[in-house]
Enquirer: 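Pasting a structure below so you can have a look.
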Amino acid sequence: MKTKFKKISDARVEITVTLDAKDLKKAEKTAIERLAKEVRVEGFRKGKAPTDIAKKFIPENDLNAEVIDIAIRTSVVPAFREHEKMPLVAPNVNVTKYVPGEMAEYTATADIVPEVKLGDYKKLKVKPEKVSITDTQVKEVLDNLTSSFAEKKPVKRAAKLTDEVIIDFVGKKGGEAFAGGSAKDYKLVLGSKTFIPGFEEGIVGHESGDKFDLKLTFPKDYGVKDLAGAKVVFETLLKQVNEVTKPKIDDDLAKKCGPFKTLKELKEDIKKNLKLQEEHRAEEKFKDALIAELVKVSKIPVPEILMEDQLKLIKEDMTRNAASRGISSLEEFIEKSGETMENWEKEARKVAESRVKASMALQNLAIKEKITVSDEEVSAKLAELREIYKKSEEAVKSLKDPNVKMDIKNRMTLEKTLDYLVKVNS
């Protein structure tokens with residue numbers, strides 16, 4: 001592949017790409033493998049004929065069209081990277097010459113990511129967090145395990161802390177039921193601090209069959225702004241009280257939890273797993289801190305088109321979140337949270353800007369350090385994803401979409417770049 005660079009303006013460039021017979025041969029191999037799956041050959045099931053045989057049954061025009069399409073898609077991004085440029089959106093491609101099997105030439109024009117001036121990314125002022133596991137953490141896990149193996153027995157007495165109760169309740173504010181404040185046959189362990197202060201304590205002393213109102217006030221820092229600091233009433237029916245008896249923390253408990261003979265073995269396994277979890281959490285925290293620091297020490301312009309793309313994704317995520325809670329629109333969801341659309345959009349733009357800057361910083365670092373992902377690595381990732389989503393025909397089918405493949409490759413490149421950033425700063 002040969003390329004020729006032309007600067008149209010500070011924000012727009014044109015790259016002429018010339019592909020030789022070797023480039024086209026590689027694209028042809030992929031094209032035949034793809035088209036062969038749709039070809040019917042006598043004596044073979046559809047898509048099962050060997051590619052050398054199937055090739056004879058593929059219409060020449062179809063093959064040529066597929067070859068040039070694959071050749072362009074696999075070369076256009078490397079062509080921009082060769083000149084240390086990154087298109088903001090998919091380049092506008094115009095094929096100027098194409099001699100099947102011999103050569104092809106096309107121009108790719110695109111608005112590019114503006115120049116980013118990276119700071120010293122090898123000396124970022126961030127250190128990884130040291131991980132250590134305490135006996136208290138191990139004990140918390142053991143306590144949770146005893147809850148899993150606890151015996152529950154209905155009792156006819158007043159409820160007390162540590163009991164499990166089964167309740168119906170309706171939360172009302174100003175006489176009107178509020179979203180997420182009602183449930184039926186809800187199982188609650190008193191003293192678990194699952195509910196707002198006063199709720200569990202208010203059930204203590206009541207017996208099965210009791211109906212009562214819990215007059216409470218939501219904490220001022222409660223996550224839903226419409227309820228933060230609000231005075232509410234929970235109309236409650238206590239349907240059943242279960243006495244909870246937990247097993248002792250000993251060798252017998254260890255044997256119930258897995259292939260352990262002693263409590264000591266169980267504790268060692270818990271400590272090992274906790275350490276793995278904490279190390280993963282610390283690593284992710286370190287990565288986030290590195291990106292934030294890289295953005296801080298770099299000069300990164302933010303193109304509005306990328307901001308709009310991120311804002312669109314944020315709104316789509318929020319809309320899906322609202323729908324999962326039975327709320328029909330983003331506007332209604334924001335209103336119920338006690339926020340104004342204006343304030344929400346301001347915060348959303350901050351998040352969008354942060355994401356864009358982080359992405360641009362990593363993309364430029366990948367170009368600067370020549371960090372790439374091979375076709376073999378992408379194929380391996382696709383095979384892994386096909387196995388994970390094998391029960392979803394739609395998901396597996398989506399993995400064949402060239403745009404999805406390109407998105408996966410881009411994500412893998414960013415992940416590899418972030419791993420590099422961790423390595424040089426550890």
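Computation of the quantities below employed the complete heavy-atom set of this structure, encompassing side-chain atoms and omitting hydrogens, waters and symmetry-equivalent molecules. Remember, predicted model here, so these are calculated numbers, not experimental data.
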Enquirer: Please answer whether the main-chain N or O of Met307 pairs with a side-chain N or O of Gln310 as donor and acceptor at a distance below 3.5 Å.
Expert: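 Absent.
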Enquirer: Check this for me: does any side-chain nitrogen of one of Glu284 and Arg281 sit under 4.0 Å from a carboxylate oxygen of the other?
Expert: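 No, no charged N to carboxylate O under 4.0 Å.
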Enquirer: May I ask you to decide whether Lys172 forms a salt bridge with Glu235, counting only side-chain N to carboxylate O separations under 4.0 Å?
Expert: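 Looking at Glu235 together with Lys172, the answer is yes, because their closest N to O distance falls below 4.0 Å.
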Enquirer: Heavy-atom distance under 4.5 Å between the side chains of Ile58 and Glu66, does that happen here?
Expert: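 Result no, sub-4.5 Å side-chain heavy-atom pair not found.
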Enquirer: Using 4.0 Å as the upper bound for N to carboxylate O, is an ion pair formed by Asp251 and Lys255?
Expert: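 Judged by the 4.0 Å cut-off on N to carboxylate O distance, Lys255 and Asp251 do not form a salt bridge.
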Enquirer: Taking side-chain hydrogen bond (donor to acceptor under 3.5 Å, both in side chains) as the definition, give me every residue that meets it alongside Gln363, ordered by chain and number, with sequence neighbours left out.
Expert: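 Applying side-chain hydrogen bond (donor to acceptor under 3.5 Å, both in side chains) to Gln363 gives Ser359.
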Enquirer: I'd like to know if the side chain of Asp401 pairs up with that of Ser398 as donor and acceptor (distance under 3.5 Å, no hydrogens or angles considered).
Expert: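 No, no side-chain donor-acceptor pair sits under 3.5 Å.
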Enquirer: For the residue pair Asn321 / Asp317, report whether a side-chain donor-acceptor contact shorter than 3.5 Å exists.
Expert: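 Their side chains do not contain a donor-acceptor pair, so the 3.5 Å distance test is not met.
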Enquirer: For Asp407 and Arg411, run salt bridge (charged side-chain N to carboxylate O under 4.0 Å, His left out): C-alpha distance rounded to whole Å, both residues' side-chain angles, the deciding distance at 0.1 Å, then the answer.
Expert: CA-CA 6 Å; Asp407 182 55; Arg411 291 185 185 185; 3.1 Å; yes
Enquirer: Please tell me if the side chains of Leu311 and Arg349 come closer than 4.5 Å, counting only heavy atoms from C-beta onward.
Expert: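 A side-chain contact under 4.5 Å exists here.
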Enquirer: Got a second to check how far Ile167's CD1 is from Glu200's CD, nearest 0.5 Å?
Expert: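 Answer rounded to 0.5 Å: 8.5 Å.
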Enquirer: Which side chain to side chain donor-acceptor pair (under 3.5 Å) pairs, counting each pair once, include a residue from residues 74-93, with sequence neighbours left out?
Expert: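 Residue pairs passing side chain to side chain donor-acceptor pair (under 3.5 Å), neighbours aside: Thr3-Glu82, Thr3-His83, Ser75-Tyr106.
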Enquirer: Kindly compute the distance separating CG (Leu145) from NZ (Lys256), expressed to the nearest 0.5 Å.
Expert: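 Between Leu145 CG and Lys256 NZ, I get 11.5 Å after rounding to 0.5 Å.
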Enquirer: Is the closest side-chain heavy-atom distance between Val297 and Asp120 below 4.5 Å?
Expert: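 A side-chain contact under 4.5 Å is absent here.
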Enquirer: Starting at CG of Asp23, measure out to CE of Met1 and round the result to the nearest 0.5 Å.
Expert: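 Those atoms lie 7.5 Å apart.
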Enquirer: Measure the spacing between CG of Leu253 and CG of Leu142 and express it to the nearest 0.5 Å.
Expert: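 That separation rounds to 7.0 Å.
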Enquirer: When you compare the side chain of Met412 with that of Ile408, does any pair of heavy atoms fall below 4.5 Å?
Expert: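 Of all side-chain heavy-atom pairs linking Met412 with Ile408, at least one is under 4.5 Å.
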Enquirer: With sequence neighbours excluded, tell me which residues meet side-chain hydrogen bond (donor to acceptor under 3.5 Å, both in side chains) with Glu308.
Expert: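 Result, side-chain hydrogen bond (donor to acceptor under 3.5 Å, both in side chains) vs Glu308: none returned.
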Enquirer: Taking 4.0 angstrom as the limit, do Lys357 and Glu353 come out as a salt bridge?
Expert: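 Yes, Lys357 and Glu353 are salt-bridged.
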Enquirer: Indicate yes or no: does Asp375 engage Lys409 in a salt bridge with an N to O separation below 4.0 Å.
Expert: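 Counted as a salt bridge, because a side-chain N and a carboxylate O are separated by less than 4.0 Å.
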Enquirer: Do Thr319 and Phe333 have side chains that approach each other closer than 4.5 Å (heavy atoms only, starting at C-beta)?
Expert: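 They are not in contact (no side-chain heavy atoms under 4.5 Å apart), so the answer is no.
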Enquirer: Would you say NZ of Lys416 has more than 12 non-hydrogen atoms from neighbouring residues, nucleotides or ligands within 6.0 angstrom?
Expert: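 Counting other residues, nucleotides and ligands, NZ of Lys416 exceeds 12 neighbours.
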Enquirer: Yes or no on side chain to side chain contact (heavy atoms under 4.5 Å, CB included) for Val378 and Leu382, after CA distance, side-chain angles and deciding distance?
Expert: CA-CA 6 Å; Val378 175; Leu382 288 169; 4.0 Å; yes
Enquirer: Can you tell me how far the CD1 atom of Ile388 sits from the CG atom of Leu399, to the nearest 0.5 Å?
Expert: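 The CD1 atom of Ile388 sits 10.0 Å away from the CG atom of Leu399.
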Enquirer: State, yes or no, whether a side-chain contact exists between Ile133 and Ile270 at a heavy-atom distance under 4.5 Å.
Expert: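 With C-beta onward as the side chain, the pair stays apart.
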Enquirer: Contact between Glu283 and Pro128 at the side-chain level, heavy atoms closer than 4.5 Å - yes or no?
Expert: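 Side-chain contact under 4.5 Å: no.
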Enquirer: To the closest 0.5 Å, what do you measure between CZ (Phe234) and OG (Ser182)?
Expert: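 So the CZ of Phe234 and the OG of Ser182 are separated by 8.5 Å.
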Enquirer: When you look at Lys381 and Glu384, which way does the salt bridge (charged side-chain N to carboxylate O under 4.0 Å, His left out) test go after all the steps?
Expert: CA-CA 5 Å; Lys381 186 64 176 181; Glu384 178 187 328; 3.6 Å; yes
Enquirer: Go through it in stages, so that I can follow the logic: the residues are Val244 and Val189, the test is side chain to side chain contact (heavy atoms under 4.5 Å, CB included), and I'd like the CA-CA distance, side-chain angles, deciding distance and then a yes or no.
Expert: CA-CA 9 Å; Val244 179; Val189 176; 5.5 Å; no
Enquirer: Is the distance from the ring center of Phe169 to that of Phe199 below 6.0 Å?
Expert: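 Under 6.0 Å, so yes.
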Enquirer: Report the C-alpha distance between Lys272 and Glu268 in whole Å, list the side-chain angles of each, state the deciding distance to 0.1 Å, and finish with yes or no for salt bridge (charged side-chain N to carboxylate O under 4.0 Å, His left out).
Expert: CA-CA 6 Å; Lys272 177 183 175 182; Glu268 288 173 351; over 6 Å; no
Enquirer: Do Glu105 and Thr96 have side-chain atoms, one donor and one acceptor, less than 3.5 Å apart?
Expert: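 Checked: Glu105/Thr96 side chains pair up, N/O donor to acceptor below 3.5 Å.
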Enquirer: Can a salt bridge be assigned to the pair Lys275 and Glu278 using a cut-off of 4.0 Å between side-chain N and carboxylate O?
Expert: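 Looking at Glu278 together with Lys275, the answer is no, because their closest N to O distance does not fall below 4.0 Å.
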Enquirer: Does this structure show an ion pair linking Lys423 with Asp419, if we count only N-O contacts that are shorter than 4.0 Å?
Expert: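 Here Lys423 does not pair with Asp419 in a salt bridge, since their nearest N and O are not under 4.0 Å apart.
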Enquirer: Tell me whether Lys287 at atom NZ has more than 12 heavy atoms from other residues, nucleotides or ligands lying less than 6.0 Å away.
Expert: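 Counting neighbours around NZ of Lys287, more than 12 heavy atoms of other residues, nucleotides or ligands fall under 6.0 Å, so yes.
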Enquirer: Between Asp69 and Arg73, is there a salt bridge with N-O shorter than 4.0 Å?
Expert: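 Yes, Arg73 and Asp69 are salt-bridged.
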Enquirer: Do Phe5 and Lys7 come within less than 4.5 Å of each other through their side chains, counting heavy atoms only?
Expert: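 Yes, close enough: below the 4.5 Å cut-off.
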